[in-house]
Amino acid sequence: TDGICSIKKSIQFSKNNKDIISNYIITRENKYLRWPAYMLSINQQKSYKSKFDDRIDLLLLDIKELYNILVNNENQEEFSISYQQIKQIKEKCKLEYAYLNIHTLIWLKSFKSFDAFIAGNRLQMFCESVGGHYIVERWSESEFFDEKYFNKLIAKCKTNKAENGILDA
């Protein structure tokens with residue numbers, strides 16, 4: 001499993017030691033992200049000082065783009081992929097090398113759709129549900145993990161914790 005953000009981000013954007021610990025726990029405790037693990041994995045490529053700088057919103061936008069490409073050809077066998085789809089993934093997706101690894105590709109295709117991927121990985125808290133489909137949007141205009149983004153991330157994690165009946169004593 002992977003945390004929503006690194007301890008370095010919690011230290012950088014928290015006010016004091018108590019907040020650092022609290023924020024670190026809330027972004028790690030539910031084990032939201034589960035990726036196949038190997039070199040050039042989604043986990044490594046989305047991480048701190050990498051393509052998405054630990055931002056779940058940008059990662060989910062990229063994964064949604066991947067699913068838009070994968071579900072475009074309904075006549076394909078369940079786990080096959082066309083040359084045209086590979087070409088589109090390389091052109092449109094920032095984590096193309098992770099997605100095109102055979103283990104990750106089979107894992108991602110097993111969900112069949114972005115909606116099933118979100119539901120299967122319990123990532124609903126990072127999306128909006130509209131008409132039975134999950135919509136993901138950027139949380140800030142910046143490309144970087146900044147204070148505005150961090151505050152929104154912590155708020156979403158706290159809302160999710162409260163909605164699931166897990167309240168701090």
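Start at 1 with the first residue, then count along the sequence.
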Report task. Please name all residues satisfying ring pair (Phe, Tyr, Trp, His ring centres under 6.0 Å) with Phe13, sequence neighbours left out, ordered by chain then number. Result -> Phe145, Phe150
Query - side-chain contact (heavy atoms from CB on, under 4.5 Å) evaluation trace for Cys93 with Ile69 - result: CA-CA 10 Å; Cys93 298; Ile69 295 166; 4.1 Å; yes
Query - Nearest non-hydrogen partners of Ile118 and Gln124, listed with the distance - result: CG2-N, 3.7 Å
**Report entry** Distance (rounded to the nearest 0.5 Å) between His103 NE2 and Ile106 CD1
**Finding:** 7.5 Å
Query raised in the report: Going through the checks in order, is the side-chain contact (heavy atoms from CB on, under 4.5 Å) test met by Glu137 and Asp57?
Result: CA-CA 7 Å; Glu137 296 176 347; Asp57 61 332; over 6 Å; no
Query raised in the report: Is the shortest heavy-atom distance from the side chain of Ile135 to the side chain of Cys127 under 4.5 Å?
Result: no
Query - same_hphob_cluster(Ile7, Tyr149) at 4.5 Å side-chain heavy-atom cutoff - result: no
Query raised in the report: If you look at every heavy atom in Phe126 and Ile56, which pair is closest and at what distance?
Result: CD2-CG2, 3.9 Å
Report task. Please check if atom CD in Glu91 has more than 12 non-hydrogen atoms from other residues, nucleotides or ligands closer than 6.0 Å. Result -> yes
Requested in this report: Drop me the distance from Asn151's CG to Lys156's NZ, to the nearest 0.5 angstrom.
Outcome: 13.0 Å
Requested in this report: Grab the two heavy atoms, one from Thr27 and one from Ile154, that are nearest each other, plus how far apart they are.
Outcome: CG2-CD1, 3.7 Å
Report summary line: Output for pair (Gln85 CD, Lys90 NZ), nearest 0.5 Å, gives 14.0 Å
Report task. From the options Asp54, Asp146, Asp53, select the one residue that forms a salt bridge (charged side-chain N to carboxylate O under 4.0 Å, His left out) with Lys9. Result -> Asp53
**Report entry** 4.5 Å side-chain heavy-atom contact, Asn68 and Glu65
**Finding:** yes
Query raised in the report: So which heavy atom on Leu70 is nearest to which on Ile89, and how close?
Result: CD2-CD1, 4.2 Å
Query raised in the report: Hey, does Leu58 have a side-chain heavy atom less than 4.5 Å from the side chain of Trp139?
Result: no
Query - Modelled atom types, side-chain donor and acceptor of Asp115 and Tyr67, under 3.5 Å - result: no
Report summary line: Contacts of Glu143 meeting side chain to side chain donor-acceptor pair (under 3.5 Å) (sequence neighbours excluded), chain-then-number -> Arg138
Query raised in the report: Is there a side-chain contact between Ile11 and Tyr24, using heavy atoms and a 4.5 Å cut-off?
Result: no
Query raised in the report: Quick one: CD1 on Ile63 to CG on Leu123, what's the gap to the nearest 0.5 Å?
Result: 8.0 Å
Report task. Report yes or no: do Ile86 and Leu108 belong to one cluster of Ile/Leu/Val/Met/Phe/Trp/Tyr joined by side chain heavy-atom distances under 4.5 Å? Result -> yes
**Report entry** Under 3.5 Å donor-acceptor, Ser110 side chain and Trp107 backbone
**Finding:** yes
Report summary line: The reported gap from CZ in Arg122 to CE in Met125 (rounded to nearest 0.5 angstrom) is 10.0 Å
Query - side chain to side chain donor-acceptor pair (under 3.5 Å) against Ser14, all qualifying residues, sequence neighbours excluded - result: Asn23
Requested in this report: To the nearest 0.5 Å, tell me how far Lys109 NZ sits from Phe111 CZ.
Outcome: 14.0 Å
Requested in this report: Determine, stepwise, if the pair Arg55 / Ser140 fulfils side-chain contact (heavy atoms from CB on, under 4.5 Å).
Outcome: CA-CA 10 Å; Arg55 285 189 46 180; Ser140 80; 3.5 Å; yes
